[in-house]
Engineer: 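There's a structure below that I have some questions on.
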Amino acid sequence: MNLRINPTRMELLRLKKRVRVAKRGHKLLKDKRDELMKRFMALIRDVKNMRLTVEKRLMEAYRSFLVARAVMSPEVLEEAIMFPTQQVEISIKEVRMMSIIAPVFTLQQEGAMYSYGLASSSSDLDAALDTFSAVLPLLVELASVERSLDLLAEEIEKTRRRVNALEYVLIPNLEKTVKSIAMKLSEQERAAITRLMKIKDVVRAK
Amino acid sequence: MYKIGLIGDRDTTMGFRALGLATFEVSGQSDTEQAVLEVMRDNFAVVLITERAYARVAQMLHEHRDRALPVYSLIPDNQGSIGLGQKRLSKMIERAIGVDILFKEVGKN
C-alpha cells in the first residue's frame with residue numbers, strides 16, 4: 001500500500017530520510033530482541049530448576065510441620081505460634097536491565113524465631129520452623145526472579161511486535177512510496193524534456 | 001520497608017505465621033477475594049499464594065497485572081502441587097519464544 005503523499009521532490013527527500021531512520025530503528029530493535037532473548041534463555045533454566053527445588057523443600061517443610069502438629073495438642077500449638085516474635089520485612093532494590101526495571105528483594109528477619117516457651121512445645125515444632133525459615137529466603141528469591149522473567153517475556157513480546165511491524169509493514173510501504181514518487185518525478189522530467197524539444201522544433205521551423 | 005504476605009488454607013498458613021509473615025487464612029471464593037484486596041491496599045512486596053487459592057482469583061489478579069507490587073508467587077499447599085506454578089512459567093516461555101521448550105510434558109501435546 002502506498003502512502004498518500006504528493007509526488008514532490010520535498011516529499012521524496014523526507015521519505016528517504018524516514019526510510020533510513022526506520023531501517024536503523026529496525027536494526028536496533030532486532031539487536032535488542034536478540035539480547036533480551038539471550039538473557040531470557042539464560043534465566044529460564046535456572047528458574048525452572050529453582051522452582052522445582054523450592055517446591056520440594058516446601059513439601060518437606062509441610063511434612064515436618066505435620067509431624068509437629070501430630071505430637072502437640074491443637075490448643076498448645078495454636079498458643080505457641082499465635083503471636084510471632086519474629087518480624088520479616090523486605091527491602092526492594094531496582095535493577096535496570098534492558099529497559100525493564102526488575103525488583104530485587106532482600107529479606108530481613110528480626111527477632112527470635114521461637115515465639116514460645118520450651119517447656120510446653122515439642123522439639124518437632126522447632127525443627128519444622130527451622131525448615132520453614134530455611135525455605136523462606138528461597139521463596140522470596142524465586143518471586144523476584146520469576147517477576148523479572150515475566151517482565152522480560154513481556155518486553156520480548158513488545159519488541160518482537162515492533163520489529164515485525166517495521167520489517168513487514170512500515171519499511172516496505174515507505175520504500176514503495178519512495179519508488180513511486182521517484183517514477184512520477186522522472187516521468188515529469190521526461191515530459192518536460194519532450195515538451196522543450198517540441199517547442200525548439202516549432203521555433204526552428206519558423 | 002515492605003511486608004510479605006501469604007494467602008492460603010489453614011494448614012499452609014500456620015507454619016508460616018510463626019515466621020512473622022502476614023497470613024490470610026482463606027477457604028472459599030469471597031474470603032480469598034477479600035484477602036487479595038487487602039493485600040493490594042497495604043504495602044506488600046511479595047505475596048505467597050497457594051495454587052488452589054490462586055485458581056480462585058486468577059481472573060481478578062489478571063485484571064491487576066499492571067501493578068508493580070505486590071509480586072504474587074505461587075506455592076504448593078500441603079496437599080502437593082497442582083502444577084499451576086510451572087504452568088505459569090511455561091506460559092511466560094511461550095509468550096517470549098513462541099513455543100514452550102522446557103515443560104513440553106506439562107503443557108499441551
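Reminder, nothing fancy here: chain letters follow the sequence lines and each chain counts from 1.
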Engineer: Against B/Ile75, only a single residue in A/Leu58, A/Leu142, A/Val135 fulfils side chain to side chain contact (heavy atoms under 4.5 Å, CB included); can you say which?
Structural biologist: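 Checked A/Leu58, A/Leu142, A/Val135 against B/Ile75; only one passes side chain to side chain contact (heavy atoms under 4.5 Å, CB included): A/Leu58.
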Engineer: Counting heavy atoms not belonging to A/Glu141, are there more than 12 under 6.0 Å from its CD?
Structural biologist: no
Engineer: Need one label for A/Arg160: side chain, backbone, both or neither, based on atoms under 4.5 Å from any heavy atom in chain B.
Structural biologist: side chain
Engineer: For the candidates A/Val140, A/Ile92, A/Ile156, which exhibits the highest count of non-hydrogen atom pairs separated by less than 4.5 Å from chain B?
Structural biologist: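 The residue among A/Val140, A/Ile92, A/Ile156 with the greatest pair count is A/Ile92.
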Engineer: Determine which pairs satisfy salt bridge (charged side-chain N to carboxylate O under 4.0 Å, His left out) with at least one residue from residues 52-67 of chain A, sequence neighbours left out, and list them in order.
Structural biologist: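 Non-adjacent pairs meeting salt bridge (charged side-chain N to carboxylate O under 4.0 Å, His left out): A/Arg51-A/Glu55.
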Engineer: Any non-hydrogen side-chain atom of B/Ile4 less than 4.5 Å from a side-chain atom of A/Phe105?
Structural biologist: no
Engineer: Within a radius of less than 6.0 Å around NZ of A/Lys32, do more than 12 heavy atoms belonging to other residues, nucleotides or ligands occur?
Structural biologist: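 Atom NZ in A/Lys32 is crowded, with more than 12 foreign heavy atoms closer than 6.0 Å.
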Engineer: Could you state the interatomic distance from CG (B/Leu74) to CG (A/Leu139), rounded to the nearest 0.5 Å?
Structural biologist: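 It is 11.0 Å, given to the nearest 0.5 Å.
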Engineer: Might you point out which heavy atoms bring A/Tyr62 and B/Pro76 nearest each other, and give the distance in Å?
Structural biologist: OH-O, 2.9 Å
Engineer: Chain B heavy atoms under 4.5 Å from A/Glu155: which part of the residue, side chain, backbone, both or neither?
Structural biologist: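 Neither the backbone nor the side chain of A/Glu155 comes within 4.5 Å of chain B.
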Engineer: When rounded to the nearest 0.5 angstrom, what distance separates CZ in A/Arg147 from OG in B/Ser73?
Structural biologist: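 A/Arg147 atom CZ to B/Ser73 atom OG measures 11.5 Å (nearest 0.5 Å).
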Engineer: Between A/Leu149 and chain B, with a heavy-atom cut-off of 4.5 Å, which part of the residue counts as in contact: side chain, backbone, both or neither?
Structural biologist: both
Engineer: Specify which of A/Pro103, A/Ser64, A/Ala143 makes the most heavy-atom pairs with chain B at under 4.5 Å.
Structural biologist: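 Counting heavy-atom pairs under 4.5 Å, the top option is A/Ala143.
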Engineer: Enter the distance from B/Met92:CE to A/Leu152:CG here, rounded to the nearest 0.5 Å.
Structural biologist: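 Between atom CE of B/Met92 and atom CG of A/Leu152 there are 10.0 Å.
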